[in-house]
Amino acid sequence: MSGVFISFEGVDGVGKTTQVERLRAYLESRGCEVVVTREPGGTALGGRLRDLLLNGVDADAADAAADIAARAEALIFAADRAQHVAEVVRPALERGAVVITDRYLDSSLAYQAGGRELTADEIRNLSMWATGSLMPARTYLLDMDPDEAHRRLTHEDDRMESAGDDFRSRTRDAFRHLAGREPKRFRMIDAAYPEETVWARIKADVDALLDDVVADERFAKMAAEAAARKAAAEEAARKAAEEARKAKEVAAAAGDADQSAETTTAGGGQ
Ligand SMILES: Nc1ncnc2c1ncn2[C@@H]1O[C@H](COP(=O)(O)OP(=O)(O)O)[C@@H](O)[C@H]1O
Ligand SMILES: Cc1cn([C@H]2C[C@H](O)[C@@H](COP(=O)(O)OP(=O)(O)O)O2)c(=O)[nH]c1=O
């Protein structure tokens with residue numbers, strides 16, 4: 001199987017990491033090579049950038065959120081993504097692995113455009129440039145009330161999580177809007193249900209997705225074989241026509257020689 005790229009999105013606490021691990025276990029049990037990764041922080045460089053993004057430049061500053069300007073924040077997330085795609089995602093896809101990422105470019109669209117209010121076009125262009133336009137085949141948006149999701153978290157708020165209720169609500173709305181714009185890629189799953197129910201919905205969709213990928217590959221293989229057969233038949237027909245042309249030339253040359261011999265004989269009798 002060629003590589004399949006899957007992303008999980010949603011506000012903090014909706015259950016992405018939980019479902020990513022369930023999907024990893026399931027796909028491994030089906031015999032797939034699975035690479036689980038995340039943004040920010042899927043590479044060594046990304047780990048350093050994640051620390052800046054989640055803890056701020058000065059962890060003791062009174063307002064850690066303010067010490068990175070909105071545009072700088074967008075660029076740091078994009079830098080993390082560029083390194084992530086170059087170092088982890090593309091090589092794994094080229095090997096034929098299933099790559100599951102806990103967040104990808106839709107998070108930038110939801111948080112930096114929706115949340116921080118930069119424009120969606122500039123954020124999208126930045127991420128497309130950073131990734132060479134690599135898009136997931138499927139994106140699972142886990143959706144639920146963001147305050148309830150926030151209450152599920154057991155750790156202390158990081159720099160992004162402390163941005164407040166309004167920010168969380170804008171981010172959730174932005175995710176839902178993105179899913180509405182691209183229904184083929186997105187599957188929006190109600191994440192307020194228990195873990196098992198959420199997983200059952202993801203599993204059903206993944207089974208269909210992988211069947212489609214296998215069917216597409218089978219179709220591509222059949223199409224390639226048909227094209228090769230057509231090219232071979234055309235080559236054989238070209239060779240046969242060439243041989244027929246040569247045979248005709250030989251016959252014509254032999255005919256000319258006979259005729260000239262006859263002419264010579266007739267001329268010699270005069
Ligand atoms: N469907 C669910 N219902 C209730 N709690 C959940 C559910 N899925 C995950 N959790 C719990 O919620 C917390 C956040 O889950 P996590 O997977 O880390 O979310 P995220 O990666 O989206 O921040 C964890 O303690 C996890 O065990
Ligand atoms: C990938 C990405 C994440 N983020 C934010 C979302 C999260 O608040 C934070 C780190 O994400 P993450 O570690 O995935 O948090 P969680 O597991 O709790 O969902 O970074 C952005 O603002 N933009 C981005 O492009």
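Remember, predicted model here, so these are calculated numbers, not experimental data. Atoms within a ligand are numbered from 1 in the order they appear, just like the ligands themselves.
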Quick note on ligand 2: atoms under 4.0 Å from a heavy atom of R81 include exactly 1 (C), 24 (C), 25 (O)
How does R103 reach ligand 2, by side chain, by backbone, by both or by neither, if only non-hydrogen atoms under 4.0 Å count? side chain
Is it the side chain, the backbone, both or neither of E161 that has a heavy atom closer than 4.0 Å to ligand 2? side chain
So, for atom 13 (C) of ligand 1, does the protein have a heavy atom nearer than 4.0 Å? yes
So which protein heavy atom does atom 17 (O) of ligand 2 come closest to, and at what separation? T17 OG1, 4.1 Å
Give the single entry among V20, L142, T18 that approaches atom 15 (O) of ligand 1 most closely by any heavy atom. T18
Do Y104 and F5 have ring centres separated by under 6.0 Å? yes
Side-chain touch D205/Y140, heavy atoms, less than 4.5 angstrom: yes
Which protein heavy atom lies closest to atom 21 (C) of ligand 2, and at what distance to 0.1 Å? F77 CZ, 3.1 Å
Report whether L142 and Y193 are members of the same hydrophobic cluster (ILVMFWY, side-chain heavy atoms less than 4.5 Å apart, transitive linking). yes
Using distance alone, with no hydrogens and no angle criterion, decide if H150 and D165 have a side-chain donor and acceptor under 3.5 Å apart. no
Ligand 1 versus A192: contacting region, heavy-atom distance under 4.0 Å: neither
Proximal ligand 2 atoms for K16, defined as those under 4.0 Å from one of its heavy atoms: 19 (O)
Out of curiosity, is R38 lining ligand 2, as in a heavy atom under 4.0 Å away? no
T139 backbone acceptor or donor facing R185 side chain under 3.5 Å: no
Sub-3.5 Å N/O-N/O distance, G13 and ligand 1: yes
Quiz question: by atom type and distance under 3.5 Å, do the side chains of T101 and S7 form a donor-acceptor pair? no
Testing R168, R170, R103 for side-chain hydrogen bond (donor to acceptor under 3.5 Å, both in side chains) with Y111, which one passes? R103
Hey, is the main chain of D80 close enough, under 3.5 Å, to the side chain of Q83 for a donor-acceptor pair? no
Distance from atom 5 (N) of ligand 1 to nearest protein heavy atom, with residue and atom: R152 NE, 3.5 Å
G15 versus ligand 1: do any nitrogen or oxygen atoms come within less than 3.5 Å of each other? yes
D80 and ligand 2 - part of the residue with a heavy-atom distance under 4.0 Å: neither
Indicate if F167 and M144 have the same hydrophobic cluster label, given that clusters are the connected sets of ILVMFWY residues with side-chain heavy-atom separations under 4.5 angstrom. yes
Does the residue F8 have a heavy-atom contact with ligand 1, meaning some pair of atoms that are separated by less than 4.0 Å? no
Looking at ligand 2, does any of its N/O atoms fall within less than 3.5 Å of an N/O of Y111? no
For atom 16 (P) of ligand 2, grab the closest protein heavy atom and report residue, atom and distance to one decimal in Å. D12 OD1, 3.2 Å
Ligand 2 to Y104 polar contact by distance, N or O atoms, under 3.5 Å: no
So, is T154 polar-close to ligand 1, with some N/O to N/O distance under 3.5 Å? no
Heavy atom of G10, distance to ligand 1 below 4.0 Å: no
Heavy-atom contact check, 4.0 Å cutoff: does R50 meet ligand 2? yes
Atom 25 (O) of ligand 2 has as its nearest protein heavy atom S108 OG, 2.6 Å
Can you check whether Y193 has an N/O within less than 3.5 Å of an N/O in ligand 1? yes
Cut-off 3.5 Å, side chains only: do S108 and R81 have a donor facing an acceptor? yes
For atom 21 (O) of ligand 1, what is the nearest protein heavy atom, given as residue, atom name and distance? T17 OG1, 2.5 Å
Check whether any side-chain heavy atom of L52 sits under 4.5 Å from a side-chain heavy atom of R48, and report yes or no. no
Do L118 and R71 make a side-chain contact, defined as non-hydrogen atoms from C-beta onward lying under 4.5 Å apart? yes
Answer yes or no: is there an ion pair linking K246 with E249, defined by an N-O contact shorter than 4.0 Å? no
Would you mind listing which atoms of ligand 2 come within a distance below 4.0 Å of any non-hydrogen atom of E39? 1 (C)
How close do V98 and C32 get, heavy atom to heavy atom, and via which atoms? CG2-CB, 4.1 Å
Are side-chain heavy atoms of E39 and F77 found at a separation under 4.5 Å? no
Could R187 and D143 be called an ion pair, given the rule that one side-chain N must be under 4.0 Å from one carboxylate O? no
Those atoms of ligand 1 less than 4.0 Å from some heavy atom in E195: 1 (N), 2 (C)
Within less than 4.0 angstrom of ligand 1, does V14 place any heavy atom? yes
So, T131 side chain and S127 main chain: donor-acceptor pair closer than 3.5 Å or not? yes
Of L54, T101, D158, which has the heavy atom at the shortest distance from atom 10 (C) of ligand 2? L54
Check each atom of ligand 2 against the heavy atoms of Q112 and keep those under 4.0 Å away; list them by number with element. 21 (C), 22 (O), 23 (N), 24 (C), 25 (O)
